[in-house]
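Working notes, structure below.
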Amino acid sequence: MSVQTPNGFTLDTSGKRIVVDPVTRIEGHMRVEVNVDSQNVIRNAVSTGTMWRGIEVILKNRDPRDAWAFTERICGVCTGTHALTSVRAVEDALGIKIPENANSIRNMMQLALQVHDHVVHFYHLHALDWVDVISALSADPKATSALAQSISPWPLSSPGYFKDLQSRLKKFVESGQLGPFKNGYWGSAAYKLPPEANLMAVAHYMEALDFQKEIVKVHTIFGGKNPHPNWLVGGVPCPINVDGVGGVGALNMERLNYVAEIIARIIQFNDEVYVPDIAAIGSFYKDWLYGGGISSQNVLAYGDIPERANDYSPENLALPRGAIINGKLTEIHDVDLRDPQQIQEFVTHSWYKYPDETQGLHPWDGVTEPHYELGPNTKGDKLAIDSLDEGGKYSWIKSPRWKGHAMELGPLSRWTVGYAQGKAEFKEPVDKFLRDLGLPFEALFSTIGRTAARALESQWAGYKMRHFYEKLIATIKAGDSSTANVEKWDPKTWPDEVKGVGFSEAPRGALGHWVKIKAGKIDNYQAVVPTTWNGSPRDPKGNIGAFEASLMNTPMVNPEQPLEILRTIHSFDPCLACSTHVMSEDGQEMANIRVR
Ligand code: NFE
Ligand code: MG
């Protein structure tokens, strides 16, 4: 049977159904089902979040000043961004202003999260979709060294270095204990890199594993720990110690120098390893331009990284705000998080209950009432679903829509909006990447483009961190060392009934928290998270979400080895913990892949 979706896809469910469950190398629990035609081209895609966590429900009747600590536990990956978004929502509701230093420190923490998340995502969650670890064993270390030195001045590049790494890898593989490299589809014809590029990439996988623990020290210095650093309504909880080492306050010059050193290392790693790797790996996959999905048509960004404290208007944000529909880059739409007509969440195909499921709800009036039911296609055994019924409820993810449109969020969306605004800091690196690979602009709207935008953003974020570091030092030198404003700390000073919205650009895309406060307590709290948008199930009109759309029309080399599905889904860096904000009853179903 073939169905036309309003957002331009022809879904055909007549071919063989392939189930990938669980999808690994992501955060949380996710399942994908696709139908392929006789040529193994994907003609229908169904993605589902198979866990539910209920943080929004837990928040009811709590002190809004504590909400950041609960929401931060939505996820162990993008932790701080939920806390940041939460304190911004509460500050918005209560009219609390933060000191300039708090803004600079928050920005550095947020940018450090971007870099950490992007580096870990590319090397540890996504690279092995492109890099064949076993092939690296047949690389010539000398040729690998020549390759590495031809693309970057990164010092770890001698023939001896690669030879040593290769023998360690060989011992690892011969022992049969592949550890993190187990269950890869090694040897698949879908892998295109020569052995030397594979060996170089494996070396960088190892180096990134080591380096990522350095990046998060920015959080341990400013926020006391990672994951889940400390935040504060009204500022940041790290007083500046102006008397030097030994005085009162967590932040002294020794700690700040340490931050400067980490920022320098971040910049070098991005410039000399991450970005050159993307260009080098991309050059072998230039023809792999699948996975665009709805991205070329509909992208959404809220913006983030305020230059000056307390001004969240788009003009003051370093990361852009805007919506683009149908790929019309000449028309950037304003985005208003307070307008009930703009952002709405639907649950027609999600395991929740609404009073009227044909209608969406703006998050200030949002409802989170779990309602788990299995589709009619099951055998009646709730632990053994054959396949999902996308005609019914099939996911723990709600379906957010912007003015009714399914949207893609994330680095690619942010960079597309920045590009459309003609801002050189976004436009030039994108044009250079495309030029170096000899690709047209449209190539950006693909799995590779999504992966490249993330690398360029990591690079951008390192330099922005340096900017806010210098700003912080200048402000302290000018005599202002305040980091928190406690004027409205006492709930007695609050109005009886208020509401607020906070937003940020999380690593995976735009994030919003909407809060209603009544008599000093949280009356309603709704988080609409990037993966909720990207991984959303169908809406009442039948629009498919970004994950589903991106899989459509992709040819598979071998459906028994669903590498192409992983490639595209991974390019979004999915986080199901965030998007479903209790393990569902079908959690038992952990078969790898099944083809019928
Ligand atoms: Ni759990 Fe998250 C990010 C948020 S989800 S990772 O980035 O917000 O898409
Ligand atoms: Mg939510």
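In each ligand, atom 1 is the first atom listed, and ligand 1 is the first ligand listed. Here, residue 1 is the first one in the sequence, and each next residue gets the next number.
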| query | Is a salt bridge present between R508 and D117, judged by a nitrogen-to-oxygen distance below 4.0 Å? | reply | yes
| task | Number the atoms of ligand 1 from 1 as they appear, then name those within less than 4.0 Å of a heavy atom of V529, with their elements. | result | 4 (C), 5 (S), 8 (O), 9 (O)
| message | Between Q114 and S458, is there a side-chain donor-acceptor contact under 3.5 Å, judged purely by atom types and distance? | response | no
| Exercise: identify the closest heavy-atom pair between S536 and S399 | CB-CA, 3.7 Å
| field | Nearest neighbour in protein (non-hydrogen) for atom 9 (O) of ligand 1 | value | T531 OG1, 2.5 Å
| task | Note the single closest protein heavy atom to atom 4 (C) of ligand 1, along with its residue, its atom name and the distance in Å. | result | C78 SG, 3.1 Å
| said: If we check salt bridge (charged side-chain N to carboxylate O under 4.0 Å, His left out) with E457, which of these qualifies: R414, K464, R450? | reply: R414
| query | Which atoms of ligand 1 are found less than 4.0 Å from any heavy atom of C75? | reply | 1 (Ni), 6 (S)
| Are the charged groups of D539 and K541 less than 4.0 angstrom apart, N to O? | no
| query | Closest non-hydrogen protein atom to atom 8 (O) of ligand 1, residue and atom name please, with distance? | reply | H82 NE2, 3.2 Å
| task | For A506, take its heavy atoms, then give the atoms of ligand 1 lying under 4.0 Å from any of them. | result | 3 (C), 4 (C), 7 (O), 8 (O)
| request: Record the part of P507 in heavy-atom contact with ligand 1 below 4.0 Å; permitted values are side chain, backbone, both and neither. | output: both
| said: For atom 5 (S) of ligand 1, what is the closest protein heavy atom, and at what distance to 0.1 Å? | reply: C578 CB, 3.0 Å
| Heteroatom proximity flag, T81 to ligand 1, N/O under 3.5 Å | no
| Under 2.8 Å from the Mg ion (ligand 2), is there an N/O/S atom belonging to E56? | yes
| query | What is the ring orientation for F122 with Y274, classed by angle as parallel under 30°, tilted 30 to 60°, or perpendicular over 60°? | reply | parallel
| said: Are there over 12 heavy-atom neighbours, none belonging to K225, within less than 6.0 Å of that residue's NZ? | reply: yes
| query | Can you tell me if C575 has an N, O or S atom under 2.8 Å away from atom 2 (Fe) of ligand 1? | reply | no
| field | Donor + acceptor pair across side chains of Q342, W402 (<3.5 Å) | value | yes
| task | Check whether any N, O or S atom of G366 sits under 2.8 Å from the Mg ion (ligand 2). | result | no
